[in-house]
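See structure below.
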Amino acid sequence: MAAKGTGTHGLITLHGSSALQYWAFARRSRESREQLLGTAKSRWADTKLALESASAKPPTRLHDAPPECTAPLHVMITDKHARTKSASVVTHLRTAALPPSSLVRIGPGYAAASPELAFTQVAKHLSLVQLVMLGFELCGTYASFSQEEASYRAIPLTNVARLSGFIEKSGNFQGKQAARRAMRHVIDGSASPRETQLAMMLALPYRLGGYGFPNPKLNYAVRPPKHLGTRRRYVLDLYWPELKLDVEYDSDSFHAHEEKMLLDGRRRAALEAMGITSVNVTSGQVRNSGAFNELAKQLAVLANHRLRYKDPDFTKAHLRLRDDLKT
């Protein structure tokens, strides 16, 4: 439904990559996070109104576009006569019905494709691995701005169930099969790009360069028994509850401070008392394919998981995966 006192016509609607740019930066500040909590109220449930909202002529320049978006600005239109393509603006024609809650009002004069709709719009342009990575980010608590820059403790924009359901409701679109395939491998709750890389390298199937482990739970909370006299809960990076196996990504283990090592020791002791095996993984192990292979073998023994990959095909696939993940 439209906000009170505001019509649904005449809004410029961000499409695909521009919408994703907006959503990434919108998660960055406390104020934006509070606005995102109310995003559901800003969505149009009526698909006819949603399409009508996209009928405005796109801007010819970016001076009035959301500051989060860079050129070219990708916008959705419903009138083929409004098509344009320049260094500043690229239009995308949409005449088919949209699923409910596909568009979100984001400010005066602007709407954006919902995170779910934006995912489907870029599906045809990304490799399967890149699409899985995007799914992890949208369903996680971080936002990437570049290979080196990310924001953490962000509000998840969607979740696996909602995103998968949206894909099924979206009718036919270019990239639908790729989107479906990608969602088989997306997991809720990743807290960082490195956690995503680690989970994908362990859990993707051999043909995609992963080691075929079952999907772990990400940032899974466990509560130690009271008699241990320790903290109320621990959050485990990658956890297999049925195996009681925890894998922790330790980015600064080489420079670990004495206090941190003491806390890690207490944590490990508490988890061991609960029957949980905890394995620390360093950034060096993630970056180095040989070290990561040894790690996978170690985890396979602990998980009673038989590694059945065949070389040289697997190694080639694994190196391609690393290239896509940019480890």
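Source: prediction; values computed, not measured.
- Taking 4.5 Å as the limit, some side-chain heavy atom of V129 sits within range of a side-chain heavy atom of L321.
- Checked by atom type and distance alone, the side chain of R94 never pairs as donor or acceptor with a backbone atom of I77 at under 3.5 Å.
- The hydrophobic cluster containing L302 also contains L202, counting ILVMFWY residues as joined when their side-chain heavy atoms lie under 4.5 angstrom apart, directly or transitively.
- In terms of heavy atoms, V89 sits closest to V75 at CG1-CG2, 4.1 Å.
- A donor-acceptor pair under 3.5 Å is formed between the side chain of S164 and the backbone N or O of V160.
- A donor-acceptor distance shorter than 3.5 angstrom exists from the side chain of T120 to the backbone of L117, with no hydrogens or angles considered.
- Under a cut-off of 6.0 angstrom, the local environment of CG in N304 is sparse, with at most 12 non-hydrogen atoms contributed by other residues, nucleotides or ligands.
- Checked by atom type and distance alone, the side chain of W23 pairs as donor or acceptor with a backbone atom of A113 at under 3.5 Å.
- Atoms CG and OG1, from L271 and T277 in turn, are 9.5 Å apart once rounded to the nearest 0.5 Å.
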Practice task
Show your reasoning for whether side chain to side chain contact (heavy atoms under 4.5 Å, CB included) applies to R223 and Y234.
Solution key: CA-CA 6 Å; R223 298 183 182 278; Y234 289 106; over 6 Å; no
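- The two residues I187 and P216 come nearest to each other via the heavy atoms CG2-O, 3.5 Å.
- A donor atom on one side chain and an acceptor atom on the other are not found under 3.5 Å apart for Y220 and D237.
- Side-chain polar atoms of Q21 and T70 form a donor-acceptor pair below 3.5 angstrom.
- Note that CE of M201 is 9.0 Å distant from CG of L295, once rounded to the nearest 0.5 Å.
- Shown here for P214 and W240, the closest heavy-atom pair between the two residues is O-NE1, 2.8 Å.
- The closest side-chain heavy-atom distance from L14 to C69 is below 4.5 Å.
- A distance of 6.0 Å separates CG of L20 from CG of L138, quoted to the nearest 0.5 Å.
- No side-chain donor-acceptor contact under 3.5 Å links Y249 and S192.
- No more than 12 heavy atoms of other residues, nucleotides or ligands shown are found within 6.0 angstrom of NZ on K217.
- There is a path of hydrophobic side-chain contacts, each under 4.5 Å, that joins L157 to V122.
- Inter-residue side-chain proximity for T13 and L103 is flagged as met; some heavy-atom pair is nearer than 4.5 Å.
- A distance of 11.5 Å separates CG of L131 from CG of D324, quoted to the nearest 0.5 Å.
- Side-chain atoms of S102 come within 3.5 Å of backbone N or O of P99 as a donor-acceptor pair.
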Handout entry: Derivation of the side chain to side chain contact (heavy atoms under 4.5 Å, CB included) call for E137 and S190
Key = CA-CA 7 Å; E137 182 172 338; S190 179; over 6 Å; no
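- The hydrophobic cluster containing L319 does not contain L325, counting ILVMFWY residues as joined when their side-chain heavy atoms lie under 4.5 angstrom apart, directly or transitively.
- Within a 6.0 Å radius of CD in Q174, no more than 12 heavy atoms belonging to other residues, nucleotides or ligands are found.
- A donor-acceptor pair under 3.5 Å is absent between the side-chain atoms of R105 and the main chain of A111, judged by distance alone.
- Between L208 and H185 there is a side-chain heavy-atom pair separated by less than 4.5 Å.
- Inter-residue side-chain proximity for S151 and Y142 is flagged as unmet; no heavy-atom pair is nearer than 4.5 Å.
- Under the 4.5 Å side-chain heavy-atom criterion for ILVMFWY residues, a single connected hydrophobic cluster contains both V279 and F292.
- To the nearest 0.5 Å, the span separating CG on L238 from CG on D246 amounts to 8.0 Å.
- For the residue pair T91 and T84, no side-chain donor N or O sits within less than 3.5 Å of a side-chain acceptor on the partner.
- Atoms CG and CZ, on L243 and F213 in that order, are 9.5 Å from each other to the nearest 0.5 Å.
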Exercise for the section: Using the side chain to side chain contact (heavy atoms under 4.5 Å, CB included) rule, take E116 and K169 through it: C-alpha gap first, then chi angles, then the decisive distance, then the call. Expected result: CA-CA 11 Å; E116 297 86 7; K169 295 174 185 175; over 6 Å; no
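- Between N219 and G189, the closest heavy-atom pair is ND2-O, 2.7 Å.
- The backbone N or O of G165 sits nowhere less than 3.5 Å from a side-chain atom of E168 that would complete a donor-acceptor pair.
- Between L236 and E248 there is a side-chain heavy-atom pair separated by less than 4.5 Å.
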Practice task
For the pair Q121 and M76, evaluate side chain to side chain contact (heavy atoms under 4.5 Å, CB included) and give the outcome as yes or no after the intermediate values.
Solution key: CA-CA 10 Å; Q121 290 170 336; M76 188 170 75; 3.9 Å; yes
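- Hydrophobic clustering (side-chain heavy atoms under 4.5 Å, transitive across Ile, Leu, Val, Met, Phe, Trp, Tyr) groups Y152 together with M133.
- Nearest heavy-atom pair across M183 and F119 is SD-CZ, 4.0 Å.
- A heavy-atom distance below 4.5 Å is found between the side chains of D188 and C139.
- For H305 and Y211, the ring centers sit 6.0 Å or farther from each other.
- Nearest heavy atoms, R322 versus Q285: NH2-O, 4.2 Å.
- L128 has its side chain within reach of R181: a pair of non-hydrogen atoms, C-beta onward, lies under 4.5 Å apart.
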